[in-house]
Amino acid sequence: MPGAPVFESSHPFAFFDYFRVPYTVGGCDGASGFVGQIRPLEPAGGNVPRLLWLRSDAPVRPGGRLYKLGRYQLGETALVCHVSAESPGTLLASADSGWSRSEAITDAGGALHGWVWTHSDGSVFLPFDPGEAMHLLWSEGYTTVGRSKLRRLSRTAMVRGYYAVRPLLPRKTQLAMRRTFARRQILPTFPRWPVEHSLHDLYQWLFAQAATVARRPVPWIDNWPDGKSWAMVLTHDVETAAGVRAMDLLRSAERDKGYRSAWNFVPERYAVDDEIIAGVKADECEVGLHGLKHDGRDLASEKVLSQRLPSMRTHAARWGAVGFRSPATQRSWDLMPKLGFDYDSSYTDTDPYEPQPGGCCTYLPFFNTDLVELPITLPQDHTLFEILQHPNGQLWLDKAREIRGRGGMVLALSHPDYASDIRVAEAWRCLLGEFAGDETMWQPLPHEAAAWWRQRAASHLARVGSAWLIQGPAADAGRVRLASGSEHAYEGGTL
């Protein structure tokens, strides 16, 4: 690939880090105290265009009402971050008149707030920080943006109250309450359900901006190993002793189609015999920890977590479990890394029906410090059949096809506790049958998906002669991709 771009940047650029785009930090002076800039080292043409962005991590930021943290729209893409309404000339303290408005950014009410700007030399100015936008979606920080403190406290109190009274309520009463709430619930405009594409649309848009500045395709390390274009991960949470006895209602269909899966157990709610753990592993499947007691208290506070964590770690060590899933997908961005597991799978991509609604808005893995997060990307069987009363698993199939088409990770969660419901068992068989034999699919266990994501993050692209090669732990299995506009292709493919 003669002439492929290498970028240099004044500061770390989270988007390039995530997709392993080759760039160096340093040697490209920042335009101001709060603006970062990237330029290609080998520009195509005489001038050197730049990609500039407003840094959210800068010690000095533009102040006042023109620089606001909020919910915005960039076309059809939802943004949650700080956005400036100032022009590049003002922010860069420059008299340069070569800038012109390109794409409008509106606020939550639809009013114009700011612009993406382009320059006559091909440069692009982003009035926001893509890294901040990514982080506020992954971490669910958007749930507190634009909402009153009273409303947030009310929601927190409701969740805590739910868990406090739930053990006192008969199962039928619990289900009736949640079904009633679901019927009356007004679905949020963001994140949309059952699938939210905004973050991935932002990724494609940012690749297009980078390619515009570079004036050629941008190389990056593919999301999946061995040339696979998408991934399917199967997981099960075993909530009760009855679920242990019913495991084969789901596992038998997996065996028939050649799938592997992970089984998450609750060590202090029911007996988990060593023979059960050994049987799961003998079946080439994985064991994970599903909280300590399944009472919604593990992550209630740092104090509670510190009290429970030694027992959780003891059980995990005995089982050889390296992954965690919180009961009822209870989660805390600050507390999850303290669990000490290799990966967590407690975040949904989008789910307004859980006791803790929200979602990380992605169907790809990501990091929370050193913890790999594997988001649940299909609605839970309990939500689909018990709460929403769907007659079949068509929504599973539709969403899985959509994620496959976007090159994402289909991570399914079902419970053997509910598999006696013919709708659950049949929907599971249909999901497995739909993709059995799909040679474009990678079907890892969760710990394998997390290990790959670490290998990929620890690798980089290096120019060797006329080609880009992967160096690092992903060198053997990884593939180089090219991005130009919204189209992605393997190296040597057609863009």
Taking all non-hydrogen atoms of both residues, which atom of [X] and which atom of [Y] are closest, and how far apart?
| X | Y | result |
| --- | --- | --- |
| Trp220 | Asn223 | CZ3-OD1, 3.7 Å |
| Cys285 | Ser261 | CB-O, 2.9 Å |
| Pro219 | Pro22 | O-CD, 3.3 Å |
| Ile470 | Ser459 | CG2-CB, 4.0 Å |
| Pro446 | Leu374 | O-CD1, 3.4 Å |

Distance to the ring centre below 6.0 angstrom and angle to the axis at most 45 degrees; does that hold for Arg251 and Tyr259? no

Between the main-chain N or O of [Y] and the side-chain N or O of [X], is there a donor-acceptor pair closer than 3.5 Å?
| X | Y | answer |
| --- | --- | --- |
| His236 | Trp263 | no |
| Arg456 | Asp222 | yes |
| Thr240 | Gly243 | yes |
| Glu373 | Asn368 | no |
| Arg192 | Thr350 | no |
| Thr235 | Ala412 | yes |
| Thr377 | Asp349 | no |
| Arg429 | Ala253 | no |
| Arg20 | Ala457 | yes |
| Trp468 | Leu482 | no |

Under a 4.5 Å cut-off applied to non-hydrogen side-chain atoms, are [X] and [Y] in contact?
| X | Y | answer |
| --- | --- | --- |
| Arg260 | Leu234 | no |
| Val322 | Glu286 | yes |
| Asp342 | His447 | no |
| Val272 | Val244 | no |
| Trp205 | Thr77 | no |
| Phe190 | Gln73 | no |
| Asn264 | Leu289 | no |
| Leu136 | Leu69 | yes |

Using the ring centroid of each side chain, check whether [X] and [Y] are separated by less than 6.0 Å.
| X | Y | answer |
| --- | --- | --- |
| Phe15 | Phe19 | yes |
| Phe435 | Trp230 | yes |
| Tyr18 | Trp138 | yes |
| Phe16 | Phe7 | yes |
| Trp396 | His390 | no |
| Tyr343 | Trp453 | no |

Test Glu434 against Arg404 for salt bridge (Lys or Arg N to Asp or Glu O under 4.0 Å), laying out the working first. CA-CA 12 Å; Glu434 174 74 13; Arg404 176 183 62 177; 5.0 Å; no

Look up atom [atom1] in [X] and atom [atom2] in [Y], then write down how far apart they are to the nearest 0.5 Å.
| X | Y | atom1 | atom2 | value |
| --- | --- | --- | --- | --- |
| Gln443 | Leu432 | CD | CG | 8.5 Å |
| Phe324 | Leu339 | CZ | CG | 5.0 Å |
| Leu461 | Gln471 | CG | CD | 9.0 Å |
| Glu196 | Thr362 | CD | OG1 | 10.5 Å |
| Tyr363 | His200 | OH | NE2 | 4.5 Å |
| Cys360 | Ile376 | SG | CD1 | 9.0 Å |

Report the C-alpha separation of Asp438 and Lys228 in whole Å, then their side-chain angles, then the decisive distance to 0.1 Å, and conclude whether the salt bridge (Lys or Arg N to Asp or Glu O under 4.0 Å) test is met. CA-CA 10 Å; Asp438 185 340; Lys228 302 300 184 181; over 6 Å; no

Neighbour count >12 (heavy atoms, 6.0 Å) for atom CD, Glu302: no

Does atom CD of Glu284 have more than 12 heavy-atom neighbours from other groups under 6.0 Å away? no

Identify, with sequence neighbours excluded, every residue that meets side chain to side chain donor-acceptor pair (under 3.5 Å) alongside [X].
| X | result |
| --- | --- |
| Asp273 | none |
| Ser346 | Asp344 |
| Ser306 | none |

Does the side chain of [X] come under 3.5 Å of the side chain of [Y] through a donor N or O and an acceptor N or O?
| X | Y | result |
| --- | --- | --- |
| Asp334 | Ser332 | no |
| Asp129 | His82 | no |
| His197 | Tyr203 | no |
| Thr329 | Glu354 | yes |
| Glu239 | Tyr418 | yes |

Check the orientation of His11 and Trp53. Use parallel for under 30°, tilted for 30 to 60°, and perpendicular for over 60°. perpendicular

Salt-bridge present (Arg423, Asp381; N to O < 4.0 Å): no

